[in-house]
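A quick write-up on the structure given underneath.
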Amino acid sequence: ERPIETLENAISETQPQRDSILPGKCVVHWYKCDTRTMDNRALHLASETAAKHQLPLLCFYLISPQDFEAHLTAPIRVDFILRNLQKLKEDLSELDIPLYVETVERRRELPSRLIELCTIWGASHVYCNAEYEVDELRREATLTRSCLGKGISFNVIHDTCVVQPGCLKSGAGGALSVYSPWHRKWCAYLNEHPEQLDAFPPPKKNPPATLQAYPDLFACKIPDAPKSKQLREEEKTRFHTMWPAGEHEARARLSKFILERILKYHEHRNLPGGNATSNLSAHLAAGTLAARTVVREARDAAPSKRLTDDRKQGHSMWIGEVAWRDFYRHVLCHWPYICMNKPFKPEYSNIEWEYDLDQFGRWTDGNTGFPIVDAAMRQARHTGYMHNRCRMIVASFLAKDLLIDWRMGEKWFMEHLIDGDFASNNGGWGFSASVGVDPQPYFRIFNPLLQSEKFDLEGNYIRKWIPELAGIKDKGIHDPYGRGYAKIAEVNGYPRPMVDHKKARERALARYKAGIGRD
Ligand code: FAD
């Protein structure tokens with residue numbers, strides 16, 4: 001049985017119990033990756049249930065340091081989560097709803113602590129939004145059953161995807177593993193069911209007596225990050241300025257993007273030196289913004305007011321990119337073995353990878369001698385973010401030019417990026433290393449120099465991130481050692497290219513062919 005089916009079965013077993021449950025003292029919403037009040041399906045249902053039974057709504061979030069370790073959550077992301085929780089607490093308290101936050105040291109104790117808290121508070125119903133990674137699905141399936149035994153209705157709701165996993169099928173009724181036909185069906189489904197994009201209103205205000213009834217929950221403070229995930233003071237200052245937290249900030253960013261940049265998205269989205277994309281990935285990953293919200297707002301602002309796969313129009317192109325997020329989540333539900341970092345196609349399991357830590361270190365530090373690769377890696381280190389085109393370039397460089405196991409790069413991204421998201425990151429690495437679902441063909445190997453010339457035409461992106469090369473005013477910046485700027489590069493300590501791309505390409509082709517058993 002696939003984990004998603006385990007969860008669906010557990011949910012359906014509880015269905016008959018739901019309405020027969022006697023009202024307790026409160027209804028509870030368990031926050032996870034959905035730290036917002038607006039357009040939150042599970043929170044809305046919790047609020048409706050509370051209103052129906054005239055009970056207060058309580059909210060809580062359990063911090064699990066072991067989960068942060070297991071999921072390789074970057075310190076910058078942990079810090080962002082905690083700041084989002086602070087904002088959420090303020091927003092909820094305006095509705096007289098408390099947000100209780102507690103750290104649970106041992107991961108396996110999280111379900112029992114959850115049940116314990118709900119029992120103490122006298123919860124009749126618990127709501128949360130589903131997460132589709134295997135461990136989380138199994139945990140929620142177990143919780144659904146355990147809560148039944150305590151007379152608590154535990155409700156896991158589909159919310160994070162715009163289209164619920166399992167709704168889109170091939171002509172033969174199976175799951176789809178190629179993006180383009182999947183995307184056409186995704187658009188058609190949402191055009192046929194526009195109500196799927198309707199917004200869920202924020203929760204209703206609690207009865208005034210809630211504050212007196214649960215003073216400890218209102219008073220609780222947001223804990224500090226676990227020791228191993230703490231940022232240095234300098235990093236805090238830098239990241240807090242770059243990445244303001246909270247759903248109001250997320251919505252303001254979305255509105256600005258739709259007003260100012262979405263129209264030209266299809267033309268400029270691949271240029272890392274510009275500011276053409278939305279920069280919303282951190283908020284979509286944290287759940288301060290729902291994917292449903294961004295698709296609805298972009299559709300409503302689009303000339304056609306419909307979803308299409310038109311790649312020559314900014315709004316549809318952008319919605320199509322947001323759809324990739326759904327696509328990789330659907331893939332995760334249908335083929336959960338990718339959670340074990342297995343290549344999507346079994347025949348790609350036999351490629352012989354390298355594990356050279358010195359070479360890997362030059363890649364992570366941005367010292368490969370390939371300016372576009374180094375600029376991107378340094379941007380990631382400084383900001384916790386990397387442009388999509390650059391993610392593809394650096395991933396291709398690691399997996400193909402260096403033949404280093406793509407999973408080392410996948411892990412590094414999770415450990416350093418503010419938007420680290422298992423499904424999208426795994427999908428992006430699988431695509432770039434040609435081992436994933438609907439990947440780039442293995443024989444398509446990015447030439448870093450050509451990519452650099454094409455997407456950073458003037459070299460401004462490189463100039464910004466590599467001060468050693470900032471003095472080079474012309475196209476020599478893309479390849480200083482090959483284009484007459486060896487002296488400047490050398491004097492300033494910029495390294496020579498660590499590999500010869502032509503030879504590296506030949507080596508990669510041979511290795512891939514041998515691995516997958518093809519000539
Ligand atoms: P925009 O271009 O404005 O796109 C809007 C939103 O659509 C993004 O915020 C994101 O939620 C979604 N999106 C766009 N492109 C993709 C895509 N290819 N796959 C999945 N979702 C997409 N995205 C993450 O959110 N988290 C990751 O950990 C992540 N790792 C990646 C690793 C690799 C190797 C690659 C090639 C891509 C990865 N992506 C990841 C996808 C993409 O690079 C980022 O979503 C994007 O750069 C974020 O910038 P933006 O918000 O300005 O995007």
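In listed order, ligands and their atoms are each counted from 1. The figures here come from the full heavy-atom set of this structure, side chains too, leaving out hydrogens, waters and symmetry mates. The shown structure was predicted, so the numbers you read here are calculated from the model rather than taken from an experiment.
Contact atoms of ligand 1 toward Y385: 47 (O), 48 (C), 49 (O), 50 (P), 52 (O) (distance under 4.0 Å to a heavy atom of the residue). Using a 4.0 Å cut-off to heavy atoms of R325, the atoms of ligand 1 that qualify are 11 (O), 20 (C), 21 (N). Residue Y265 approaches ligand 1 through these ligand atoms, each under 4.0 Å from one of its heavy atoms: 1 (P), 2 (O), 4 (O). Short contacts between ligand 1 and L284, defined as distances under 4.0 Å to a heavy atom of the residue, involve ligand atoms 6 (C), 9 (O), 11 (O). Ligand-side atoms of ligand 1 in range of L280: 9 (O), 51 (O), range being under 4.0 angstrom from any heavy atom. Contact atoms of ligand 1 toward G420: 28 (O) (distance under 4.0 Å to a heavy atom of the residue).
The closest protein non-hydrogen atom to atom 27 (C) of ligand 1 is D419 O, 3.6 Å. Nearest protein neighbour of atom 23 (N) of ligand 1, counting heavy atoms only, is S424 CB, 3.7 Å. At the shortest separation from atom 17 (C) of ligand 1 among protein heavy atoms lies W324 CB, 3.7 Å. At the top of the distance list for atom 36 (C) of ligand 1, counting protein heavy atoms only, stands M392 CG, 3.6 Å. Closest to atom 32 (C) of ligand 1, if we only count protein heavy atoms, is N425 OD1, 3.3 Å. Nearest to atom 7 (O) of ligand 1 among the protein's heavy atoms is V322 CA, 3.4 Å. What sits closest to atom 3 (O) of ligand 1 on the protein, heavy atoms only, is S278 OG, 2.6 Å.
A salt bridge links R269 with E321; the closest basic N to acidic carboxylate O contact falls under 4.0 Å. Remark: D79 engages R83 in a salt bridge, criterion side-chain N to carboxylate O under 4.0 Å.
Contact of the P448 side chain with the H501 side chain is registered, since non-hydrogen atoms from C-beta on lie closer than 4.5 Å. At least one side-chain heavy atom of H382 sits under 4.5 Å from a side-chain heavy atom of M242.
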Legend entry - Test log, rule ring pair (Phe, Tyr, Trp, His ring centres under 6.0 Å), inputs W363 and F360: CA-CA 5 Å; W363 179 81; F360 183 66; 5.6 Å; yes

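The cationic atom of R391 (NZ for Lys, CZ for Arg) lies less than 6.0 Å from the six-membered ring centre of Y385 and within 45° of the ring axis. With Y61 as the aromatic partner, K89 does not meet the cation-pi criteria of under 6.0 angstrom to the ring centre and within 45 degrees of the ring axis.
Closest to atom 29 (C) of ligand 1 by heavy atom, among H387, M317, R391, R253, is R391. Taking only non-hydrogen atoms, the option from E321, R261, H283 nearest to atom 12 (C) of ligand 1 is E321.
Ligand 1 has W318 within reach: a non-hydrogen atom of the residue lies less than 4.0 Å from it.
At least one N or O atom of N388, backbone or side chain, sits closer than 3.5 Å to an N or O atom of ligand 1. At under 3.5 Å, a nitrogen or oxygen of S281, whether backbone or side chain, sits near a nitrogen or oxygen of ligand 1. For a threshold of 3.5 Å applied to N or O pairs, the pair formed by S432 and ligand 1 contains no separation below that value.
Aromatic ring centres of F327 and W324 lie closer together than 6.0 Å. For an aromatic pair to be called close, the ring centres must be under 6.0 Å apart, and F413 with W429 satisfies this.
Under the salt bridge (Lys or Arg N to Asp or Glu O under 4.0 Å) criterion, the residue pairs touching residues 324-341 are R329-D421, with sequence neighbours excluded.
At a 4.0 Å heavy-atom cut-off, ligand 1 does not touch F431 at all. Here D421 has heavy atoms under 4.0 Å from ligand 1 in both its backbone and its side chain. At a 4.0 Å heavy-atom cut-off, ligand 1 touches M386 through the backbone alone. At a heavy-atom distance under 4.0 Å, only side-chain atoms of Y328, from C-beta outward, approach ligand 1. Heavy atoms of F257 found under 4.0 angstrom from ligand 1: none, in either backbone or side chain.
Counting heavy atoms of neighbouring residues, nucleotides and ligands inside a 6.0 Å radius, atom CZ of R444 does not exceed 12 of them. Under a cut-off of 6.0 angstrom, the local environment of NZ in K32 is crowded, with over 12 non-hydrogen atoms contributed by other residues, nucleotides or ligands.
Ring-plane geometry between Y442 and Y512 is classed as parallel, the angle between the planes falling under 30 degrees on a 0 to 90 degree scale with a further cut at 60.
Listed by chain and number, the residues in a ring-ring contact (aromatic ring centres under 6.0 Å, His included) with H44 are F200 (sequence neighbours excluded).
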